[in-house]
Amino acid sequence: MVSEKYNPEKVEKRWQKAWLRAKIFKAPDFPKKTKAYVLDMFPYPSGEGLHVGHPEGYTASDIYTRFLRMQGQEVLHPMGWDAFGLPAENYALKTGTPPAETLKKNIKNFKKQIQALGFSYDWSREINTTDPNYYQWTQWIFVQLFKRGLAYEAFAPINWCPKDKTGLANEEVVGGKCERCGTEVVRKNIRQWLVKITDSKYIERLLKDLDKLDWPESIKHLQRNWIGKSEGALVDFELVTKNQEPADKFKVPSLKSPVIRVFTTRPDTLFGATYLVLSPEHPLVEAVTTSENRKAVEDYQKQAAKKSDLDRTDLAKEKTGVFTGGYAINPVNNEKIPIWIADYVLSSYGTGAIMAVPAHDERDFEFAKKFKLPIIQVIDPDLSSRENTANAITGGASAAILDAHSEKIASVAPLPRNDKEVYIGEGVMVNSGKYDGMNSVEFKKKIVEWLENHDKGKRAVNYKLRDWVFSRQRYWGEPIPIVHCEKCGNVALPEKDLPLKLPQVKNYQPTGTGESPLASIKEWVNAKCPKCGGRAKRETNTMPQWAGSNWYFLRYVDPKNGKQLADPEKLKAWLPVDLYVGGAEHAVLHLLYARFIYKFLFDIGVVPKECGDEPFVKLKNQGLILGEDNQKMSKSRGNVVNPDEVIKQYGADTMRMYEMFMGPFEDAKPWNTKGIVGIQRFLGIKEGKGYVDRVFTVIKQVAEDVQAGKLSSKNGFSKSIHSTIKKITEDIENFRFNTCISELMIFFNGKDGKPDWRPKLNKKGEWEAVGEIGKAVDMDALRAFLKLLSPFAPHLAEELWQKLGKKDFICQQTWPKHDEQRIKAKEIEIPIQINGKVRDKILVASDVPEAELKKMVLANVKIKKWLVGKPIKSFRYVRDRIISLAV
RNA sequence: GCCGCUGUGGUGGAACUGGUAGACACGCACGACUCAAAAUCGUGUGGGAGUAAUCCCUUGUCGGUUCGACUCCGACCAGCGGCACCA
């Protein structure tokens with residue numbers, strides 16, 4: 001009788017120690033066999049500790065890692081800490097505890113929790129972004145960017161919290177309000193450091209190279225949208241009023257008079273441009289405004305400046321704007337059109353000015369309707385409906401206008417059209433002078449050529465992506481290694497002076513001037529210029545959290561290198577990352593920044609050519625684990641599950657397997673504590689006096705009984721295991737862990753011709769061997785089963801491996817291989833369908849000829865019943881699958 | 001508003017390139033063990049009709065293609081996620 005109960009608490013700790021002692025997860029610097037780099041997104045070690053979402057991704061990557069190792073690969077599987085950032089600093093503001101201290105505690109706790117789950121990380125490579133030996137290289141990368149003009153200082157509007165008197169990152173603004181105090185955020189133009197991610201050397205590659213990545217399509221799609229490429233044209237509109245010389249950058253050299261340059265993706269609608277709109281911040285506003293409109297324009301500008309981003313982009317609000325009094329000339333038809341300013345035109349996109357085509361753009365249409373500006377249709381959706389449309393546009397007033405082919409159509413036709421909707425598609429040109437009747441797609445090319453030939457515009461590409469605001473008015477981040485010298489301007493620190501250490505401060509409160517708390521440390525701020533030795537001041541902004549995380553995966557390869565970011569030979573040996581596992585919430589931030597920095601490092605030769613210029617070959621996103629109420633887990637909802645308690649109650653193996661069993665890895669799925677018992681029953685039960693018929697107890701009992709001579713052992717790898725090996729191998733490769741686990745259960749429970757491994761309890765409460773194992777135990781199959789189980793439940797697998805008399809580690813065994821021949825059944829059951837409905841099943845030899853099968857089917861009593869009086873229209877046999885009759 | 005994803009029993013979910021829908025697990029019901037309960041084990045479990053054999057219905061809704069549709073096509077509905085005046 002089995003007396004020993006499975007005790008995960010003891011067993012798991014024992015094996016964790018044994019693994020650590022044997023250093024079996026330590027990756028070599030230079031792998032000799034096939035290499036695999038399996039990476040988890042490293043966590044921010046918050047004070048709250050792990051939540052159940054963390055182990056989901058870590059378990060999946062661990063299963064995959066263990067699987068690859070058993071398949072004979074050498075795997076780099078590291079872990080570290082992304083430890084700069086707000087929570088620790090906020091905590092310091094409240095309590096005065098230095099962030100470094102808080103984090104030391106948090107990391108210790110996180111590490112303990114992660115290790116309790118038995119993940120096979122190489123802890124000798126652990127990194128921490130707040131370690132000066134680490135951020136020395138984060139700063140070094142910044143200096144390289146700066147030297148090449150890719151990091152620059154500028155005034156940029158940022159989110160500003162008026163109460164906390166600090167700039168906020170986008171991710172700290174929730175619903176237009178400050179995450180910390182709830183105050184509505186305003187826009188403030190302050191000095192910033194920006195990184196030129198939009199540089200022409202990179203932006204197109206960031207877009208195009210997505211094609212070669214094995215990432216979820218949805219993530220690639222998100223990045224493409226975020227980059228937001230649009231192709232169109234820049235068009236110059238000459239000003240009619242010439243009060244003043246415009247700023248140089250808006251002047252096309254070959255033109256003598258000042259122009260307003262607009263960007264449009266629809267040059268084909270140029271004949272329908274009935275007015276121009278400048279953003280309120282546009283530098284030419286003053287120049288075009290007439291004296292009688294000046295007051296209204298200036299008032300509007302002031303109002304717009306006061307508005308928060310939220311107000312400005314609120315679509316529910318009606319469009320606003322004012323007329324400047326100025327006019328410009330539409331280059332294609334020489335019409336004089338009014339210039340307005342409105343805050344629906346953004347200063348930061350394109351040229352900050354647009355040509356408005358109300359007939360073919362919804363926003364322009366809305367604006368034109370409100371301010372009674374002319375609406376001229378220039379694209380007809382369909383030639384055949386042309387007459388109807390003509391009536392619609394002109395309100396039936398003058399259909400003849402459409403055929404007038406006049407260069408001056410615009411002045412004849414501006415009948416305001418308030419009823420019809422906007423048409424944004426392709427079609428046939430109308431009201432477009434000599435181009436009428438031309439297909440709009442063709443016309444688009446033609447008119448751009450015309451603009452280029454006449455020096456009035458040119459083909460152009462625009463992107464939504466903006467340069468990356470790279471500074472924070474915060475304390476807990478990497479200091480930006482730049483000094484401002486009175487004579488030399490901005491000067492980067494020489495590499496030998498890195499790291500520029502973050503000094504200790506007494507007060508973490510922002511200064512209120514938009515500077516970080518560092519600004520108040522005089523002895524730190526005042527520095528010598530590295531170039532001229534003269535007086536200089538240090539930059540007091542710090543880097544954003546993304547700075548440390550966009551290259552950390554390079555450092556794991558060579559975590560202690562003091563001379564360079566990482567040894568190129570070691571990078572060659574391990575990079576790129578073969579599999580990256582993490583949450584989808586990083587789709588456009590971390591994953592885009594990391595790609596950019598990697599490409600940059602590739603270009604300057606830090607990342608060797610052999611590694612390629614994309615860091616993450618394959619990406620898998622874990623789905624969110626929801627609370628039991630199917631809602632996102634959050635403290636306020638009270639539906640947070642604490643993994644510590646789950647591990648304590650059920651053990652790490654059960655926790656790991658349950659998380660994998662819940663559903664598809666990439667889907668969001670609700671936690672259900674009751675469901676855990678299914679896994680628990682399968683693996684082994686910790687307490688309770690009843691007999692347990694699952695993995696732990698059975699294998700242990702079998703091992704003991706075989707050794708005691710009570711059962712005979714039969715070697716020879718019975719066929720039942722082969723389909724199990726095949727299924728599990730394929731499913732791990734495809735991250736389908738939920739079905740792996742059900743397959744493990746099926747193998748053990750016995751079904752589909754597989755033996756039932758479960759012993760039966762007799763009346764006396766004693767174990768009684770029946771069925772397959774009553775005769776002889778197939779030890780080879782049992783050992784293979786344990787190997788298949790081992791990536792999922794590594795501790796239990798080691799324990800039972802040992803009980804089977806093995807002295808080595810199961811996690812270092814070779815993954816079993818299946819024999820395709822032994823999976824094929826000699827006899828198969830084939831369903832018979834009549835008109836798509838299954839009426840019977842027939843047991844036949846798998847190689848039965850179709851003619852013979854047909855005879856058998858037609859002779860079948862149940863089938864005959866359905867065929868009475870009906871001629872058979874067709875008989876179809878899909879080998880080994882189905883017989884289908886139509887009557 | 002635009003883009004993307006997802007809709008299968010009481011629940012989480014299976015179903016290979018179109019081929020027996022509901023694997024596996026939870027829950028529930030009944031039974032065994034127990035003085036009893038818990039734990040454990042066994043049997044059953046999509047809905048409906050029938051003692052039964054068996055039959056009908058069923059993968060968000062409606063239609064289409066096919067011998068055959070959860071799977072492919074079209075329209076619609078619902079939920080989730082992202083972007084949000086990007087010209």
Side-chain angles (χ1 to χ4, degrees), chain A residues 216-219 221-222 224-226 228-230 232 262-266 269 277 312-317 319 342-346 348-351 353-357 360-364 366-367 462-466 584-585 587-588 624 630 632 658 661-664 666-679 681-682 685 687-694 727 730 736 738-746 749 751-752 758 760-761 763-765 829-841 862 865 872-876 878 880-887:
Chain A
E217 276 309 315
S218 58
I219 300 285
H221 183 86
L222 242 43
R224 283 190 194 104
N225 282 359
W226 189 261
K229 180 179 183 175
S230 22
V262 304
F263 173 72
T264 178
T265 54
R266 297 296 303 275
T269 62
V277 188
R312 267 183 82 147
T313 58
D314 193 348
L315 275 170
K317 291 229 172 81
K319 298 242 177 317
D343 65 6
Y344 82 91
V345 174
L346 308 175
S348 52
Y349 183 79
T351 60
I354 62 155
M355 64 178 215
V357 185
H360 303 288
D361 182 283
E362 275 183 61
R363 297 149 301 179
D364 298 343
E366 211 184 297
F367 191 83
N462 238 299
Y463 300 89
K464 278 206 295 200
L465 187 70
R466 308 289 153 82
E585 68 273 17
V588 287
L624 218 56
N630 232 313
K632 233 181 207 170
Y658 174 64
F661 190 56
M662 286 195 303
E666 309 202 19
D667 288 4
K669 45 216 171 272
W671 180 271
N672 178 9
T673 299
K674 276 186 182 164
I676 301 174
V677 303
I679 299 292
R681 284 172 187 157
F682 176 65
I685 300 300
E687 276 161 41
K689 58 182 175 172
Y691 189 79
V692 181
D693 80 347
R694 301 293 164 99
K727 170 102 176 117
E730 284 173 5
R736 291 194 297 249
N738 53 335
T739 50
C740 286
I741 292 167
S742 88
E743 187 66 21
L744 286 166
M745 289 172 170
I746 289 169
N749 293 350
K751 229 200 149 185
D752 290 334
R758 296 171 299 182
K760 302 290 177 275
L761 186 69
K763 289 274 177 195
K764 284 182 245 163
E829 193 185 50
I830 299 177
I832 306 166
Q833 274 186 355
I834 298 171
N835 291 342
K837 288 192 171 155
V838 177
R839 296 304 180 184
D840 199 15
K841 290 159 195 175
K862 282 185 193 166
K865 197 174 86 185
I872 295 171
K873 278 193 232 152
S874 76
F875 179 94
R876 231 174 276 247
V878 182
D880 296 353
R881 284 232 177 266
I882 205 157
I883 298 157
S884 181
L885 287 93
V887 292

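Atoms considered below: every heavy atom in the structure, side chains included; atoms not considered: hydrogens, waters and symmetry mates. Chain identifiers are assigned alphabetically (A, B, ...) following the order of the sequence lines, protein sequences preceding nucleic acid strands; residue numbering begins at 1 within each chain.
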Base-paired stems that RNA chain B participates in, counting runs of 3 or more Watson-Crick or G-U pairs under 3.5 Å
B:1-7 with B:77-83, B:10-12 with B:24-26, B:27-32 with B:40-45, B:46-49 with B:54-57, B:60-64 with B:72-76

What integer distance in Å separates [X]:[atom1] from [N]:[atom2]?
{"X": "A/K632", "N": "B/C80", "atom1": "NZ", "atom2": "C1'", "value": "10 Å"}
{"X": "A/K464", "N": "B/C83", "atom1": "NZ", "atom2": "P", "value": "10 Å"}
{"X": "A/H360", "N": "B/C85", "atom1": "NE2", "atom2": "P", "value": "23 Å"}
{"X": "A/I354", "N": "B/C85", "atom1": "CD1", "atom2": "P", "value": "13 Å"}

With sequence neighbours excluded, what pairs up with [X] under the side chain to side chain donor-acceptor pair (under 3.5 Å) test?
{"X": "A/T673", "result": "A/E628, A/W671"}
{"X": "A/T739", "result": "A/D731"}
{"X": "A/R876", "result": "none"}

Please give the distance between the [atom1] atoms of [N] and [M] as a whole number of Å.
{"N": "B/C80", "M": "B/A32", "atom1": "P", "result": "47 Å"}
{"N": "B/G10", "M": "B/G42", "atom1": "C1'", "result": "23 Å"}
{"N": "B/C83", "M": "B/A75", "atom1": "C1'", "result": "26 Å"}
{"N": "B/G74", "M": "B/U65", "atom1": "C1'", "result": "11 Å"}

Would you list the protein and nucleotides 5-12 of chain B atom pairs, both N or O, that sit under 3.5 Å from each other?
unit_1	atom_1	unit_2	atom_2	d
B/G12	O2'	A/M662	O	2.6

Taking side chain to side chain contact (heavy atoms under 4.5 Å, CB included) as the definition, give me every residue that meets it alongside [X], ordered by chain and number, with sequence neighbours left out.
{"X": "A/I834", "answer": "A/R839, A/I863, A/W866, A/L867, A/L885, A/V887"}
{"X": "A/N225", "answer": "A/H221"}
{"X": "A/I882", "answer": "A/P831, A/Q833, A/V878"}
{"X": "A/K464", "answer": "A/Y349"}

Under the rule for salt bridge (charged side-chain N to carboxylate O under 4.0 Å, His left out), what residues qualify as partners of A/K862, not counting sequence neighbours?
A/D840

Side chain of [X] (C-beta onward), nearest among [options]:
{"X": "A/V677", "options": "B/G13, B/C24, B/C26", "value": "B/C26"}
{"X": "A/N738", "options": "B/C24, B/G13, B/U20", "value": "B/G13"}
{"X": "A/H221", "options": "B/A87, B/C26, B/C3", "value": "B/C3"}
{"X": "A/V345", "options": "B/A87, B/C24, B/A14", "value": "B/A87"}
{"X": "A/S230", "options": "B/A87, B/G4, B/C83", "value": "B/A87"}
{"X": "A/K841", "options": "B/G19, B/A87, B/U20", "value": "B/U20"}

State whether [X] places a side-chain N or O below 4.0 Å from either non-bridging phosphate oxygen (OP1 or OP2) of [N].
{"X": "A/R681", "N": "B/A39", "result": "no"}
{"X": "A/Y344", "N": "B/A87", "result": "no"}
{"X": "A/T739", "N": "B/A23", "result": "no"}

With syn defined as a glycosidic angle within 90° of 0 and anti as everything else, classify B/G44.
anti

Just checking, any donor-acceptor pair under 3.5 angstrom between side chains of A/Y344 and A/D364?
yes

So which heavy atom on A/R466 is nearest to which on A/S348, and how close?
NH1-OG, 2.8 Å

Name the pairs: protein N/O against N/O of nucleotides 67-74 of chain B, kept only if under 3.5 Å.
unit_1	atom_1	unit_2	atom_2	d
B/C67	O2	A/S884	OG	2.3

Every protein N/O lying under 3.5 Å from an N/O of nucleotides 53-56 of chain B:
unit_1	atom_1	unit_2	atom_2	d
B/C56	OP1	A/R839	NH2	3.3
B/C56	OP2	A/R839	NH1	3.1

What is the nucleic acid contact for A/L222, judged by heavy atoms within less than 4.0 Å: base, sugar-phosphate only, or nothing?
sugar-phosphate

